[in-house]
Amino acid sequence: MTERGTNAYKQLTDVPPPVARAVRAARAAGFAFSCRPEQGRLLYALAGGATGAIGETGTGCGVGLAWLAAGAGTRRHPADTA
């Protein structure tokens, strides 16, 4: 949660679809404190390396959760390609 975090997405077009939907919901609700895109990209990368369940408590409209969900499962284990 970051002050004016939702506004940081105004000019971005390269976010995953779940993130774009969550940002639209945050704007519609007038919620200004979403995580910033830089923080979201970190969440995305961290989720991509997870091997188990990921938990998130949430504080707003789901922008951080959307980054985690988009990143989850993006990392492929070498054995998966065999």
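This structure is a prediction, so every number in the text was calculated from the model and none was measured.
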Checklist line | Nearest atoms (heavy-atom pairs only) where Gly5 meets Arg36 | finding: CA-CG, 4.1 Å
Next item on the list: Return the minimal non-hydrogen interatomic distance between Ser34 and Val63, and the atom names on each side.
Entry: OG-CG2, 3.4 Å
Margin query: With a 4.5 Å cut-off on side-chain heavy-atom distances among I, L, V, M, F, W and Y, is there a chain of contacts connecting Val23 to Leu65?
Written below: no
Next item on the list: Kindly check if the number of other-residue, nucleotide or ligand heavy atoms within 6.0 Å of CD (Glu38) is above 12?
Entry: yes
Checklist line | Atom pair CZ (Arg27) and NZ (Lys10), whose distance is rounded to the nearest 0.5 Å | finding: 7.5 Å
Note to self: Side-chain heavy atoms nearer than 4.5 Å, only ILVMFWY residues, links allowed to pass through others: does that put Ile54 and Val19 together?
What the structure shows: yes
Check: Is there a path of hydrophobic side-chain contacts, each under 4.5 Å between heavy atoms of I, L, V, M, F, W or Y residues, that connects Tyr9 with Leu43?
Finding: yes
Checklist line | For Ala22 against Cys61, the heavy-atom pair lying closest together | finding: CB-O, 4.0 Å
Next item on the list: Before giving the answer on side-chain contact (heavy atoms from CB on, under 4.5 Å), spell out for Val15 and Trp67 the whole-Å C-alpha distance, their side-chain angles and the decisive distance to 0.1 Å.
Entry: CA-CA 9 Å; Val15 297; Trp67 278 108; 4.0 Å; yes
